[in-house]
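Every chain is numbered from 1 and lettered A, B, ... according to where its sequence line falls, protein lines coming before strand lines.
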Number of protein chains: 2
Amino acid sequence: MEPLVTRLRNREWRLTAQRRVIAETLAGEHVHLTADEVYERSRAVLPEVSRATVYNTLNELVGMGELLEMTHTDGRKRYDPNVEERHHHLVCVSCGRMLDVRADDPRLPEDQHHGFELLAVEVTFRARCPECVPAASTS
Amino acid sequence: MEPLVTRLRNREWRLTAQRRVIAETLAGEHVHLTADEVYERSRAVLPEVSRATVYNTLNELVGMGELLEMTHTDGRKRYDPNVEERHHHLVCVSCGRMLDVRADDPRLPEDQHHGFELLAVEVTFRARCPECVPAASTS
DNA sequence: CTCCACGCTTGGAATTGTTCTAAGTTCGTT
DNA sequence: AACGAACTTAGAACAATTCCAAGCGTGGAG
């Protein structure tokens with residue numbers, strides 16, 4: 001599918017230099033950066049980008065549905081540009097590395113709905129990544 | 001199953017007045033309080049409890065496996081004393097109300113493991129609760 | 001029983017992630 | 001070229017959480 005920047009060009013949304021740099025930072029697969037990582041990487045390309053603009057832009061993109069926001073167990077939010085393909089996440093409990101994975105959605109039995117109107121399902125597989133498995137067994 | 005406080009008595013862990021009050025605050029089903037809510041409720045019972053002790057105790061209980069920690073989309077962590085029964089969560093996207101629900105765990109296909117060693121699965125059903133459905137349709 | 005050491009608790013300061021604000025800049029329109 | 005709207009900025013403000021140094025309390029050694 002088209003990268004984020006391309007999708008943004010086709011919207012009535014002012015694509016300024018700052019916004020373009022921020023969007024380009026978020027290109028690719030298995031990208032799950034924190035706001036601060038986006039800020040640092042954007043600044044490496046365009047030094048005068050401000051933190052406020054990064055936060056503003058990220059929040060707008062989430063609102064526009066061009067970015068998914070999620071919260072890791074540590075306090076900060078992460079942003080995932082992969083919004084077209086339904087997917088879940090595989091997260092390493094020790095280093096935090098995160099990958100997009102495809103798996104069937106679990107179904108909520110009718111007697112468990114409690115009158116709620118279902119909208120979406122989020123699945124996170126907690127695991128230990130190949131680099132962290134050896135470290136864990138020696139400790 | 002036994003309530004949290006009972007389980008704690010059977011451990012080598014000093015059950016002080018503060019810790020007991022905090023643990024009692026977290027009794028029951030469908031309890032998913034934030035640290036601050038725990039603090040306020042504990043203080044209503046034992047006014048000289050400090051915020052630091054609440055945070056310390058919650059973190060210790062999480063480390064001991066007697067409490068589950070999770071992060072809502074808003075920044076703060078919530079604590080769930082229901083650790084014995086495997087369950088998932090049903091969350092209202094507009095008011096944040098959260099219930100424990102039973103549903104089958106999704107399976108991650110072998111070709112999606114990426115060499116990771118699976119430890120756990122977390123599922124969150126996002127939905128609108130009965131009180132919030134009417135409000136959403138009129139807006 | 002008394003005393004001591006260690007673990008627990010405290011209030012406040014520090015840290016971290018995020019949002020707000022007021023002022024300055026840029027862009028598209030005319 | 002001039003204007004207004006939208007965007008950006010630095011820094012202040014805010015909220016959740018952790019850190020810290022000092023005080024307290026309790027259980028075990030004597």
Phosphate OP1/OP2 of dT9(C): any S50(B) side-chain N/O under 4.0 Å: no

Whole angstrom value for the distance that separates [atom2] of [N] from [atom1] of [X]:
{"X": "E48(A)", "N": "dT8(D)", "atom1": "CD", "atom2": "P", "value": "12 Å"}
{"X": "R19(A)", "N": "dA6(D)", "atom1": "CZ", "atom2": "C1'", "value": "8 Å"}
{"X": "L15(A)", "N": "dT8(D)", "atom1": "CG", "atom2": "C1'", "value": "15 Å"}
{"X": "L33(A)", "N": "dT18(C)", "atom1": "CG", "atom2": "P", "value": "13 Å"}
{"X": "E37(A)", "N": "dT16(C)", "atom1": "CD", "atom2": "P", "value": "15 Å"}
{"X": "R11(B)", "N": "dG7(C)", "atom1": "CZ", "atom2": "P", "value": "18 Å"}
{"X": "R20(A)", "N": "dC7(D)", "atom1": "CZ", "atom2": "P", "value": "16 Å"}
{"X": "L61(B)", "N": "dC8(C)", "atom1": "CG", "atom2": "C1'", "value": "14 Å"}

Quick one: which protein N/O atoms are closer than 3.5 Å to N/O atoms of nucleotides 21-24 of chain D? Pair and distance per line, please.
none

As a test of understanding, state which of R7(B), R9(B), R19(B) forms a salt bridge (Lys or Arg N to Asp or Glu O under 4.0 Å) with E66(B). R7(B)

Starting at CD of Q18(B), measure out to OG of S42(B) and round the result to the nearest 0.5 Å. 10.0 Å

With sequence neighbours excluded, what pairs up with [X] under the side chain to side chain donor-acceptor pair (under 3.5 Å) test?
{"X": "R78(B)", "answer": "none"}
{"X": "T57(A)", "answer": "none"}
{"X": "R86(B)", "answer": "D105(B)"}
{"X": "E40(A)", "answer": "R43(A)"}

Side chains of D100(A) and H32(A) only: does a donor on one sit below 3.5 Å from an acceptor on the other? yes

Using salt bridge (charged side-chain N to carboxylate O under 4.0 Å, His left out) as the criterion, list what pairs up with [X], not counting sequence neighbours.
{"X": "E24(A)", "answer": "R20(A)"}
{"X": "D36(B)", "answer": "R51(B)"}
{"X": "R102(B)", "answer": "E85(B)"}
{"X": "D111(A)", "answer": "none"}

Short heteroatom pairs, N/O only, protein and nucleotides 13-17 of chain D, under 3.5 Å:
residue : atom : partner : partner atom : Å
dT17(D) : OP1  : K77(B)  : N            : 2.9
dT17(D) : OP2  : Y55(B)  : OH           : 2.8

Please list, for nucleotides 22-30 of chain C, all pairs of protein and nucleotide N/O atoms separated by less than 3.5 Å.
none

Between H30(B) and D80(B), does the side chain to side chain donor-acceptor pair (under 3.5 Å) criterion hold? Intermediate values first, please. CA-CA 8 Å; H30(B) 300 300; D80(B) 183 345; over 6 Å; no

Pair N82(B)-H87(B), side-chain contact (heavy atoms from CB on, under 4.5 Å): steps then yes or no: CA-CA 8 Å; N82(B) 185 1; H87(B) 67 280; 3.7 Å; yes

Under a 4.0 Å heavy-atom cut-off, which of residues 62-72 of chain B touch DNA chain D? none

Could you go through V101(A) and F125(A), starting from their C-alpha distance and side-chain angles, then the distance that decides it, and tell me whether this counts as side-chain contact (heavy atoms from CB on, under 4.5 Å)? CA-CA 9 Å; V101(A) 290; F125(A) 294 95; 4.1 Å; yes

